[in-house]
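Each remark here refers to the structure printed beneath this line.
Atoms within a ligand are numbered from 1 in the order they appear, just like the ligands themselves.
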Amino acid sequence: MEKLSERLDRPIVLVGLMGAGKSTVGRRLARRLGLPFVDSDSAIEDASGFSAAEVFERYGERDFRDGERRLVARLIDGTVGVIATGGGAFIDPRTRELLNSRAITVWLDAPVDVLSERTARRDTRPLLRTADPKATLERLAQERRDSYAEAHIRVKSSRGGHNDVVERIIAAVEQHLDS
Ligand code: S3P
């Protein structure tokens, strides 16, 4: 594995819907590669003193996305490591372009059933505070699919456990670097 971390000259960035496992898988992937891990939602909290959810609710989605774009730009500049982004970051065309040109992007793709079950465990997502969170996820999955599909790599994150997903990401990144 040391080999892959030595070959990397840019960060690995995980994208995908809420509940896809970006933070959990990202942390494990980083540990496995011996690289630093950054979660963009946590970085927003460090920078602003408010949780990503609070920033989202206080300032609205547009300002949140602007701040998120600036933050992601800063993160990819300084890190050869693993970055987990908030689910909407890659939907912003400018953030997407930036990430695809300066990082290796990995779409963690999971079925809505799985996303719904995982996100129901915690009430921390403003976008899912709706009458029918599963239907909201269904809609977001449809709306965002084409954007996520622009990531360099797609890995299904419903199959197997998190460690299995980590191994499949490593294999896919190695293949991407070879191609
Ligand atoms: C969002 C996802 C959240 C957070 C914010 C908006 C989205 O991050 O950034 O609530 O638009 O999908 P997670 O994907 O880590 O839950």
Side-chain angles (χ1 to χ4, degrees), residues 11-30 36-76 79 81-100 103 105-151 153-158 162 165-166 169:
I12 298 173
V13 175
L14 304 184
V15 307
L17 273 175
M18 297 168 271
K22 302 178 296 287
S23 304
T24 312
V25 168
R27 195 169 291 113
R28 288 192 196 194
L29 175 65
F37 170 72
V38 188
D39 181 288
S40 75
D41 282 345
S42 308
I44 289 175
E45 188 163 350
D46 292 345
S48 69
F50 297 109
S51 71
E54 281 167 338
V55 175
F56 198 99
E57 283 178 330
R58 273 172 180 244
Y59 300 103
E61 181 158 3
R62 224 172 110 185
D63 282 359
F64 178 84
R65 297 289 172 223
D66 283 345
E68 188 177 49
R69 186 186 323 110
R70 286 195 298 273
L71 181 99
V72 166
R74 243 187 300 136
L75 292 180
I76 57 167
T79 326
V82 178
I83 301 171
T85 55
F90 202 64
I91 307 310
D92 181 293
R94 285 158 68 191
T95 306
R96 189 162 68 245
E97 198 187 308
L98 183 75
L99 287 173
N100 271 343
T105 51
V106 180
W107 172 22
L108 281 191
D109 185 20
V112 168
D113 277 348
V114 173
L115 301 174
S116 165
E117 196 195 302
R118 289 189 189 146
T119 51
R121 292 178 202 148
R122 274 186 306 149
D123 174 33
T124 51
R125 274 117 172 169
L127 285 176
L128 297 182
R129 289 182 189 140
T130 60
D132 186 348
K134 189 171 175 188
T136 306
L137 274 168
E138 204 90 65
R139 177 180 55 78
L140 288 172
Q142 286 221 345
E143 284 173 6
R144 293 178 172 186
R145 188 166 193 82
D146 290 350
S147 299
Y148 290 141
E150 287 184 30
I153 293 167
R154 173 185 175 195
V155 168
K156 300 217 170 155
S157 82
S158 52
H162 287 315
V165 177
V166 165
I169 294 174

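- Taking every non-hydrogen atom of Leu127 and a distance limit under 4.0 Å, the qualifying atoms of ligand 1 come out as 7 (C), 11 (O).
- Neither the backbone nor the side chain of Arg122 comes within 4.0 Å of ligand 1, counting heavy atoms alone.
- Put simply, part of Arg144 is less than 4.0 Å from ligand 1, judged by heavy atoms.
- Using a 4.0 Å cutoff on heavy atoms, Pro126 counts as a contact of ligand 1.
- Partner of Leu128 under the side chain to side chain contact (heavy atoms under 4.5 Å, CB included) criterion, out of Met18, Lys134, Arg122: Met18 alone.
- Remark: minimum distance from atom 6 (C) of ligand 1 to any protein heavy atom is reached at Phe56 CE1, 3.8 Å.
- Partner of Asp92 under the salt bridge (charged side-chain N to carboxylate O under 4.0 Å, His left out) criterion, out of Arg65, Arg70, Arg69: Arg69 alone.
- When each of Thr95, Leu98, Thr105, Leu14 is checked for a side chain to side chain contact (heavy atoms under 4.5 Å, CB included) with Phe90, only Thr105 meets the rule.
- Using a distance-only test at 3.5 Å, with no hydrogens or angles considered, a donor-acceptor pair links the side chain of Arg129 to the main chain of Asp123.
- Atom CZ of Arg58 has 12 or fewer heavy atoms from other residues, nucleotides or ligands within 6.0 Å.
- Which of Gly16, Gly88, Ala84 comes nearest to atom 7 (C) of ligand 1 through a heavy atom is settled by distance: it is Gly88.
- Within the 4.0 Å heavy-atom criterion, the part of Asp41 lying near ligand 1 is the side chain and not the backbone.
- The nearest heavy-atom contact from the protein to atom 2 (C) of ligand 1 is Gly87 N, 3.3 Å.
- Looking at Thr119 and Leu17, their side chains never come closer than 4.5 Å, going by heavy atoms from C-beta outward.
- Below 4.0 Å from some heavy atom of Phe64 lie the following atoms of ligand 1, by number and element: 9 (O).
- The neighbour count for Arg94 CZ, taken as heavy atoms of other residues, nucleotides or ligands under 6.0 Å away, does not exceed 12.
- By the criterion of a heavy-atom distance under 4.0 Å, neither the backbone nor the side chain of Leu140 is placed next to ligand 1.
- Atoms of ligand 1 found under 4.0 Å from any heavy atom of Lys22, numbered from 1 in the order shown, are 13 (P), 14 (O).
- Looking at Arg125, Arg129, Arg65, it is Arg65 that brings a heavy atom closest to atom 11 (O) of ligand 1.
- In this structure, Asp109 and Tyr148 have side chains that are not in contact, with every pair of non-hydrogen atoms separated by 4.5 Å or more.
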